[in-house]
Each structure stands twice: as structure tokens, then as C-alpha cells.
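Please read the structure below before turning to the comments.
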Amino acid sequence: MASITPTIRPDHVPDARVVDFDIFAPPGAEEDYFAAWKSLRGGLGLVWTPRNHGHWIATRGAIIRELWGDSERLSSEALAVTPGLGEMMDFIPLQLDPPQHKPFRNAVMRGFANHHVTAMMPMVRDVSRDLIAGLAPQGGCEFMTAFAEIVPLHIFLSLIGVPVEDRARLRPLGQQLTRPDGSMTVVQLRDAADDYLRPYVEARISNPGDDLFSRILSVPIEGRAWTFEEAQRMCRNLLFGGLDTVVAMFGNIASHLARFPEDQHQLREDAARIPAATDELMRRYPTVSVTRNLVRDIEMDGVTMKVGDLLYLPSVLHNLDPACFDAPETVDFDRGLSPVRHTTMGAGAHRCVGAGLARMEAMVFIEEWLSGIPPFGIDPDRPAKMRAGNVGALTELYLKW
Ligand code: HEM
């Protein structure tokens, strides 16, 4: 997304807090998204950028962690720094604030209960194995299109109980979401997703099965049934929340294992370490940043942020802050992250409902990839490319084995 003309600094933003930082194009993000964000780290915990209509950015881990869970002073309604995006998407539960948020969140959480996630494991394994069997003889691949973008789509379709042959219809939407090429506006993308989902939402309301949508929609909201409009907003949230993010996570895990052969070797030798390694890789490579709009003034770090201001919370500056995690850039499979303290999946009332599913997908992917693909590295002739945004991700990752 293009950077826009800088906004004039409001009076309550001190000069010393102004930085020129475009979250869609931080300097050097194409080569290294994580390093690009680190360039913002300095003495100040809260800075303000005139880019993208002007917003605050929290840059210190402790502040990010604290404000992420603050539903008293911060609302999730705005969704993003892109004007109008929040109104257009109107996600349930993501854009609802407590107390309205709670009954919807409970219903969605019921749908993602652990035993449902565990029951999906064989399917995730089969999809991964099939793809890997086709890739192994090729000696290399562009990982994002050949694997990372395919598996989450497939899983989403199975979750909602739709024939996986439908993948061809949904894939272009997934691609636009992951790598927008300007051919579709966000409105067109939302409408296309809604058009795709509509018949399934209608069917799951009138004739529930045992798929994810049916499970969620069968949980009453304060004693009444979901309306069609609420159901659509929830299904849209799951579609948009669970594709791009998982694609990005797969890319970062593959990239790490390709760049650190000794870590790859450790996991090949001892598969029992894969669950802990998954947690650590998810901490080390956070991709999501969220936007909150202030509903009360906040005095912090020597400044006052005002009602109506937008605040950007990047998980990368929390998880990679040495004041929050020892040697944060080192991947240490023995880090022992229980209970989870990082913000890769958020924190507080909106913490990701798909966290268990995403973790399971990552574990199965690592297990299956390492057992089906010989030792691999990055193709030295084709350096990896990344893009920034609310979900930072690799866009090209050529692997060789
Ligand atoms: C590695 C993959 C994933 C990452 C990094 C991720 C990250 C996040 C984060 C950071 C939040 C909190 C947002 C906020 O505080 O505003 C969140 C919420 C959410 N995620 Fe995920 N997510 C992932 C996978 C998934 C999957 C697979 C699904 C579902 C299919 C999903 C559905 C949701 C939903 C519905 C919410 C809103 C929860 C609420 O508002 O109560 N996510 N996710």
C-alpha cells in the first residue's frame, strides 16, 4: 500500500516524538522486515508518525504488552490505520469491545476447542504430506506459492465443511489478501469473500452440521440466535484472520530452518523437540501489528495521547525487546515459554482464538517437511523478499535441497 502525504502534527504531539515511519514501507523491509522495525527502537517508548493519516506507535516491549491488553482506554473498533477499513470489515469478534465482545468471543472459542483442533491433525498431516511428496523430487521450490499459501486455505475449507475442490475459487482471494497486486480494492475483496461465504453461512444457519461455522453459530448470543449479518461478520473475520497470518508464519519458520542448518539438524535428530521449537519460532518471528483507537486519554512515557488518536502496537517490538526477553533474537528451543508471554498471538480480551490451530498447523508442517524433504537451504541466487504491513510476510522464498 502506498504511503500518503504526511499529516500535520496535532498540538498535543511534542515535536520530539515525531518520526517519519510508514508502517507499509519501513526502510529495508523488503530485505528484512524485523530489522526494519528495529530501526524505530530508541530512547522513546511512544512516537508519532505523520504517515498514513498520523498515528502513535508504541516502540518499547513493556508498553506494547500493557496497552495490548487495555480494553478500558483502548478500543478495537478502528481495526487499522487505513481510513474506512474498520467500517468496511466490521469483524466479529475482533472489532467488538467488552462487554459486547464476550458472548461472541465465547461462541467462537467453543468452535476452536482443543479436541476439535486435535481432531483436525490427521487432515493437516495428509494435506502437508501430499504437497511435500510432489515437491521433494523437484530439488527446490518457491515455498510461499508451492506450500505456505496452499495449506491454510485447504484447512480453512475443511474447517467450514466445504469441498476442498473449492480451493481454486478461494485461492485468488487468499492471494489478494496475502499479496495484494492492486487488481482488487479492499471493498471488492471483502465483497468477493462475502459472496463466496454467503451460501455456506445460510446453509449452516438453517441446517447446521458439525463443521466450525455450524458449531459457532449454534451457541446462542445472550439467549438468542445469531443474525445472518452477525454470522457473516464472524465468518469474514475467520477467513481474513486465519489465512494471511498462517502463510506468514510458515514462511518465517521455513526461512529460519533454511538459514540455520544446525537447528534443522537438531529437529531432524529429535522430533520430540518440535513442539518447544514451534513455540520459540512463533515468538522469534512475530508478524502481526494491531491498531487501537483511544476512548480515554492516556498519559504515559511523558506524553498524553488523546481520545480519537490511533495507536499502533507491533508485536515485533515486544518480542524482540531485550528488556522483555533475554537475547531475544537468538532462537533457543529450550527457552521454556510456558506460560506464553509473547504477543505473536496478541494478549488480553482479543488474544487469537485460532492460536491452538495455528500452533498445531506449524508443528505438523515442521514434522512433515523435515521427514519428506532432505536438508535444505535458501537458493543463493534468489534472495528472499518480504513485505511490511499489518501482517509482515515473506513474499518470495526460494528453497533448494
Ligand atoms: C500464526 C497465525 C496467527 C497469528 C500470528 C494470529 C495473530 C492474531 C493476533 C495478534 C490477534 C489479536 C488481535 C488484536 O488484539 O486485535 C488475533 C486475533 C484473532 N485471530 Fe488470529 N492469528 C493467527 C491465526 C489465526 C487463525 C488460524 C484463525 C482462525 C481460523 C484466527 C482467527 C482470529 C480471530 C477470529 C481473532 C479475533 C479474536 C477476538 O477478537 O476475540 N487467527 N490473531
Side-chain angles (χ1 to χ4, degrees), residues 58 64-65 67-71 74-81 86 89-112 116-117 120 124 148 151-160 174 177-178 197 211-213 215-216 233-253 278-279 281-293 310-316 318-319 340 342-365 389-393:
I64 294 169
R65 178 67 186 74
L67 292 181
W68 206 310
D70 187 337
S71 306
L74 296 165
S75 162
S76 296
E77 199 186 351
L79 181 67
V81 296
M89 290 301 177
D90 218 0
F91 289 137
I92 287 181
L94 188 62
Q95 286 175 255
L96 294 178
D97 294 321
Q100 289 83 359
H101 170 253
K102 195 163 179 219
F104 291 99
R105 159 102 184 171
N106 286 348
V108 178
M109 288 293 279
R110 292 260 287 272
F112 280 95
H116 292 307
V117 171
M120 290 195 65
V124 176
V151 175
L153 261 183
H154 201 111
I155 291 163
F156 184 79
L157 291 172
S158 309
L159 263 176
I160 63 174
L177 192 67
T178 316
L197 291 169
D211 59 281
L212 176 74
F213 284 177
R215 287 200 300 268
I216 296 174
R233 288 163 61 191
M234 181 276 291
C235 296
R236 193 191 292 153
N237 192 166
L238 294 188
L239 174 68
F240 283 97
L243 292 186
D244 208 14
T245 48
V246 179
V247 174
M249 171 184 70
F250 279 167
N252 284 319
I253 293 176
T278 304
D279 291 333
L281 290 166
M282 287 173 77
R283 176 204 64 85
R284 171 62 185 82
Y285 299 103
T287 54
V288 175
S289 305
V290 298
T291 302
R292 299 284 193 256
N293 51 299
L310 293 180
L311 169 65
Y312 203 67
L313 302 171
S315 52
V316 53
H318 172 234
N319 292 7
V340 174
H342 61 75
T343 40
T344 297
M345 311 307 278
H350 292 278
R351 189 172 186 278
C352 182
V353 292
L357 173 64
R359 181 174 185 266
M360 182 272 277
E361 290 182 41
M363 279 186 332
V364 171
F365 150 57
N390 299 316
V391 181

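Both counts, for ligands and for their atoms, begin at 1 and track the order of listing. Just so it is clear, the structure is predicted and the values come from calculations on it, not from any experiment.
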Polar-atom distance check: [X] versus ligand 1, any N or O pair below 3.5 Å?
X	result
Ser76	no
His101	yes
Glu361	no

Could you check atom 37 (C) of ligand 1 against the protein and tell me its nearest heavy-atom contact, residue, atom and distance included?
Leu94 CD1, 3.6 Å
Nearest-neighbour protein heavy atom for atom 12 (C) of ligand 1, which is reported as residue plus atom name and distance
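Atom 12 (C) of ligand 1 sits closest to the protein heavy atom His350 O, 3.4 Å.
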Which of the atoms of ligand 1 are close to [X], meaning less than 4.0 Å from one of its heavy atoms?
X	answer
Thr344	5 (C), 7 (C), 10 (C)
Arg105	38 (C), 39 (C), 41 (O)
Leu238	30 (C), 35 (C)
Ala349	41 (O)
Val290	13 (C), 14 (C), 16 (O)

Verify, without hydrogens or angle tests, whether [X] (side chain) and [Y] (backbone) share a donor-acceptor contact under 3.5 angstrom.
X	Y	value
Ser315	Ser289	no
Gln95	Gly86	yes
Arg233	Asp90	yes

Answer yes or no: are there more than 12 heavy-atom neighbours, outside Arg110 itself, under 6.0 Å from its atom CZ?
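No - once you tally the heavy atoms of other residues, nucleotides and ligands closer than 6.0 Å, there are 12 at most.
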Phe156 and Leu243: which non-hydrogen atoms are nearest, and at how many Å?
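Heavy-atom minimum between the residues: CB-CD2, 4.0 Å.
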Heavy atoms only: give me the nearest Tyr285-Asn252 pair and the separation to one decimal.
CB-CB, 3.6 Å
Would you say the side chain of [Y] lies within less than 4.5 Å of the side chain of [X], judging by non-hydrogen atoms?
X	Y	answer
Asn390	Val290	no
Val108	Asn237	no
Leu159	Leu357	yes
Thr343	Pro286	no

Is it true that [X] lies under 4.0 Å from ligand 1, counting heavy atoms only?
X	answer
Ala248	no
Trp68	yes
Val108	no

The criterion is ring pair (Phe, Tyr, Trp, His ring centres under 6.0 Å); which residues satisfy it with His350, sequence neighbours excluded?
His101
Among Arg292, Arg351, Met234, Met249, which one has a heavy atom closest to atom 14 (C) of ligand 1?
Arg292
Of the listed options Tyr285, Phe104, Phe112, closest to atom 30 (C) of ligand 1 (non-hydrogen atoms):
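That would be Phe112.
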If you count every protein N, O or S atom closer than 2.8 Å to atom 21 (Fe) of ligand 1, you should arrive at 1
Criterion side chain to side chain contact (heavy atoms under 4.5 Å, CB included) against Ile160, the qualifying member of Leu197, Leu238, Ile155:
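It is Leu197; the other options fail the test.
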With backbone taken as N, CA, C and O and side chain as the heavy atoms from C-beta onward, which portion of Ala362 lies under 4.0 Å from ligand 1: side chain, backbone, both, or neither?
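Contact part for Ala362 vs ligand 1: neither.
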Would you kindly specify which portion of Phe156 sits under 4.0 Å from ligand 1, judged on non-hydrogen atoms: side chain, backbone, both or neither?
neither
Spatial distance of atom CZ (Arg283) from atom OG1 (Thr344) [nearest 0.5 Å]:
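Reported to 0.5 Å precision, the distance equals 8.0 Å.
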Quick one: do the Ser75 and Asp97 side chains pair a donor with an acceptor below 3.5 Å?
yes
